[in-house]
Structures are given as C-alpha cells and as structure tokens.
Amino acid sequence: MAVKTHTFQAPKGTRDFYPQDLAVRKYIESVWRKTAISHGFDEIDGPTFEHLELYTTKSGPGIVSELFSFKRDKGATDYALRPEFTPTLARMYAAQAGSLPKPTKWFSIGPYFRAERPQRGRLREHIQLNVDIIGDDSPAAEAELITTAIELLTRLSFTSDQIQFKISHRDIPKFFFLGRGAQENQLEILFDLTDRYHKISKDELHNRGNDLGISNTLLDSIDEMILQCRTEDGTKTILDEARNSGFDPTNFGALLEHYLDSPGTRDWFCVDPSIVRGLAYYTGTVFEIHETTGKERAIAGGGRYDKLVELFDGPPTAACGFAMGDVVLRLVLEDHGLLKPSEQYLPSPDVFVINVRDEESQINFMPLVSSLRSAGLHVRHSYKSTRNVGKLLSEANKARAKFAVILGKELDEGKIVIKDLQGGSQEDVAEDTLLETLQARLANREGG
RNA sequence: GCGGCUGUAGCUCAGUUGGUUAGAGCACCUGGUUGUGGUCCAGGGGGUCGAGGGUUCGAAUCCCUUCAGCCGCCCCA
C-alpha cells in the first residue's frame, strides 16, 4: 500500500496544473507568444525527446547524468527528453538552411526536462520560451533579442528597477585575463571561477584556483575585475584593459552605444564582465536577466552561438538567442506582487442561465443554452436541482459570469430576465430579442 | 549522490507532561416549501494523524526505518 500511494503521486519535480494554475501559466505563455509574434518571430516546435547523441555531441558525455534518457524495450537507440531547445533549433535550421530566409527569426514555447533534484526555481519539468535569430552576425540581432525581452517583461508589469539585464562579451574576460598573464588553456577554468565567484568565498576561490594551477595573481584579478565592474568607471577601466590586450570592441560597442542607446531601453541593462554563462557554445555576447535583489535565480539567459549550426552539419551560420523559464519567472512575479489572484485568469462566462420554472418548462432550457452557445457565447448553467434563485445567483457569481439569464414566470408574457452580475441592474427582454440584447450588453462591457 | 527542516481533512492549521469514538476555519454537498448573489442559519460527506516496525495497559504525541515535500550542496541548459 505504501508503495502504491507514491506511485500515484506526480513524479518528483513535476507539477499538476489545476484550472487556476493552468490559467496563470496560460497568461504567462500568452504574453510570451504575443510579444514574440509582434516582434516578427515565427513559432516553431520540435519533438520533446531527441536522440541522446544530439546532446552529447554538443555538451559531451558528462551531461547524460543530468538527462532523462531511455531506450525502447529491447531497442538499441538511446533517446533523451529534451533539456533545452538550442540543439533542436540548430538541427532544424541546419536541415533546411538553404531555403530559409536571412535572418530567420523563430520562437518556441514548450516543456523541458532535467533529472536533477528539484529546488527553488528549478524543477524537473518546466516550460521555457526560446527566442532565436539565425543568420545575422550583426549586433542588431542581439539588440532585437534584448528589446524583445524588455518588451515582454514590461508587458508583465515589470520595471527596470526590478529587473536588470547583465550583458557582457566573452572576449572581455578572455582578453582581460590574457593581458594579466593567463594562458589560453587556463581560460576555461578562469571563466568557471568567475561564473561562481558570487557563490563561493574568497578562500575557496583561491583553494580551487590553486588546485587547478592558477596563480594567486590571476585569482586576485578575478576579484579585481568583478569589483571594478560594480561602477561605470570601473567597467570602462576593465574594457580598456581588455582592448589593450586585443579585444575588438567594435560590435559590442555598437550594441551598447548605438542599438541599445534609446531612452526606453538604456535603464534596463548594465555591462557586467563577470557574466560568462556556463555553456561552452557561446561565442560572443552573453547576457542574463536577473531580478535586482539577487534573491532568485536568473530569469533568463542567452547569447551568441555562431558555431552551433555547423556542428549539426549546417553551413557556417551566425546565431543568437535566449531562453526564459516559467518557474523563476513566476516566483519573481509573485515576489513583486504582479500576479492577480489566480482565479481571475480563468475565462469568465458571458452568461449563466438560471431556470426556475417547473418541469414541463425545462424543455426550453437546454435548447436556449445551445442556441446561445451556437452564437459564440460562453454559457454555463447549474447542475443543481434547487429552484432557489438566491442560491443559483450565488453559483452564477462564483462561476464569475458576467450576466445571469433567468427563465421564470415572466416567460408567461414572453419575457426573459437579464441581470448584470457586476452592476446588479436587471431588465426584462422579449424572448426573441434575448441574444441580440445580450450581445449588445457584452459589447458594451468590452468597450467600457 | 550528500546535508538541514517538515509530514494531522482538498487547502491553512489546533491538538495540553502519551489517556476515552481526533478538532476548527475555508472549500465541497444538502436543506431553510414555492423569485434575487458576492452575507446568514442548520445539517452532511471526507482523515487507518505519510507508511512500516518498536516501546507501552494505552501512541497523532516517544524511538528506529522508510517514503514524500521544501530548502540548500553538487551541477547547470
């Protein structure tokens, strides 16, 4: 028995979406979708599982322990539930690269999976938005991603006081460290230490660094870089130093000083060379979206990955994109009180039909409901046997209906009652004008 | 894979130093006999107190194990 009870629970790290939960999710997804479409992106999707090699090709065999992977019974092929979309995207683009326009702008919304233990902001299944621009190597592409993300966050009611984009370019820390005497083969370690600078103590940083053969001088330069980046002048100093060591600032400078230099967007981002992103495939600009208190995990992350399409047998193709998950986003929305009570995201019925006549008159009831539904209205009615109008109106109200339609004694004179459940007013209308009256009242509500 | 905290009704929680048939609010259902809601009144269903074992005359309460959840570590898309 004990075994059974857990068998019938949702698996660890997954969520059941009851109507109210799903309504909130649909709200977030609709903001994602509408914003992406209005910025000219076409929606795509791929399979929710892929060949395991798609992921090991890109990330190496170490990733397998973090995936849900499986074989068919007696089968030889390894599959994995998709942990991210980018490999699928690169594969899909590579397969039809010759016939796709430049740039190709795609987005997708769907579930992704990881096999790690769940914790705050990280579940085993989450919904993620991916927005990508393929075939444009100019900073205009990154700028378009960032302005799309800003618009999306604005539509969710966030302000630049609450959310910040931290933008960098991988060449900045690269040439900064090279200028401080690092070897090429030490860069990966230095990026890694930089990435986790905020999570570990200074002692730990030095211990780990020393174990990996990084000099204290270089480790101190990580510290210096991150501290400098807290001020605008300090950031300039770091940029200058990287430039003196070989960093070509043309594109990055154009992104910041030309493409993102409009009044609406300037407040949303800051340059932060300590952002390097863990993923190996990024080749240029990288950015993360954080809420400003630092309490939650990153809301989104992205960057430029110019080598990935050719890794999947496509032509050399520039590309960049970002991904945003629903779990952290929802937490941050809640932290800032930006979500309404969840039932308010459910669709509200146009009409709740109440029948208080005797049995014989019931025959008119369902045909009426059907005809209103045929006209496109969202119509509900009670399944209770009571004729108590008070109770039925209460039910109509709980169902969030806009209007109640009451079939009662007025029907003897061919009249039906329409009651506005928000304002409380009601009127008798002729039976044959019910639909048009309702439609007029509903249109009126939409407008007002 | 490792560590900390927590498991009493669908939800939020009470349950005195272990003591009779385990409680409240919300939610749900039914009534308040013939027509006006976001108030009220009365009733009802629903829990083997996460599960298993142990101590005891007696366990929701003490001990062990296990499962699950949350939070963190590892890892990070």
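Below, chain A is the first sequence line, B the second, and so on; all start at residue 1. Computation of the quantities below employed the complete heavy-atom set of this structure, encompassing side-chain atoms and omitting hydrogens, waters and symmetry-equivalent molecules.
At the heavy-atom level, A:Gly408 lies under 4.0 Å from base atoms of the strands shown. Within the nucleic acid shown, A:Gly424 comes within 4.0 Å of at least one base atom, counting heavy atoms only.
Here the P atom of nucleotide B:C76 and the CD atom of A:Glu116 are 9 Å apart, to the nearest Å. Between the OH atom of A:Tyr112 and the P atom of B:C75 there is a distance of 25 Å, rounded to whole Å. A:Arg297 has its CZ atom 12 Å from the P atom of B:C76, to the nearest Å. Spacing between atom CG of A:Leu392 and atom C1' of B:G38 amounts to 15 Å, rounded to whole angstrom units. In this structure, the CZ atom of A:Arg380 is 22 Å from the P atom of B:G37, given to the nearest Å.
By the side chain to side chain contact (heavy atoms under 4.5 Å, CB included) test, A:Gln20 is found to be paired with A:Ser342, A:Glu343, A:Leu346, residues two or more places apart in sequence or in another chain being considered. Take A:Gln186 and apply the side chain to side chain donor-acceptor pair (under 3.5 Å) test, not counting sequence neighbours, and it matches no residue. Checked against side chain to side chain donor-acceptor pair (under 3.5 Å), A:Asp45 has the following partners two or more places apart in sequence or in another chain: A:Arg82. In this structure, the side chain to side chain contact (heavy atoms under 4.5 Å, CB included) partners of A:Phe17, at least two apart in sequence or on a different chain, are A:Arg15, A:Asp21, A:Leu22, A:Arg25, A:Arg330. Listed by chain and residue number, A:Glu142, A:Asp306 satisfy the salt bridge (charged side-chain N to carboxylate O under 4.0 Å, His left out) test with A:Arg304 (two or more places apart in sequence, or in another chain). Scanning for side chain to side chain donor-acceptor pair (under 3.5 Å) contacts around A:Asp78 gives A:Lys71, with sequence neighbours left out. In this view, A:His51 satisfies the side chain to side chain donor-acceptor pair (under 3.5 Å) rule with no residue, not counting sequence neighbours. Scanning for salt bridge (charged side-chain N to carboxylate O under 4.0 Å, His left out) contacts around A:Asp42 gives an empty result, with sequence neighbours left out.
Taking only side-chain atoms of A:Ile406, from C-beta outward, the nucleotide of B:C73, B:G37, B:G35 with the closest atom is B:G35. Taking the side chain of A:Asn397 as heavy atoms from C-beta on, and the options B:G37, B:U36, B:G72, the nearest nucleotide is B:G37.
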Note, RNA chain B 5' to 3' with Watson-Crick or G-U pairs under 3.5 Å encoded as ( ), [ ], | and . gives (((((((..((((.....[...)))).(((((.......))))).....(((((..]....))))))))))))....
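Identified under the salt bridge (charged side-chain N to carboxylate O under 4.0 Å, His left out) test for residues 431-443 of chain A, with sequence neighbours left out: A:Glu427-A:Arg441.
Distances shown here put every side-chain N or O of A:Gln426 at or beyond 4.0 Å from the OP1 or OP2 atom of B:U36.
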Whether each nucleotide of nucleotides 25-31 of chain B has a protein heavy atom under 4.0 Å at its base (B), only at its sugar-phosphate (S) or at neither (-) is summarised, 5' to 3', as ---SSSB
Sugar-phosphate or base contact per nucleotide [nucleotides 4-11 of chain B; S, B, -; heavy atom under 4.0 Å]: --------
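Below the 3.5 angstrom threshold, one finds a donor paired with an acceptor across the side chain of A:Arg122 and the base of B:C76.
Between A:Arg445 and A:Asp420 there is a salt bridge, with a side-chain nitrogen of the basic residue lying less than 4.0 Å from a carboxylate oxygen of the acidic one.
The aromatic rings of A:Phe252 and A:His169 lie perpendicular to each other, with more than 60° between the two planes, well past the 30° mark.
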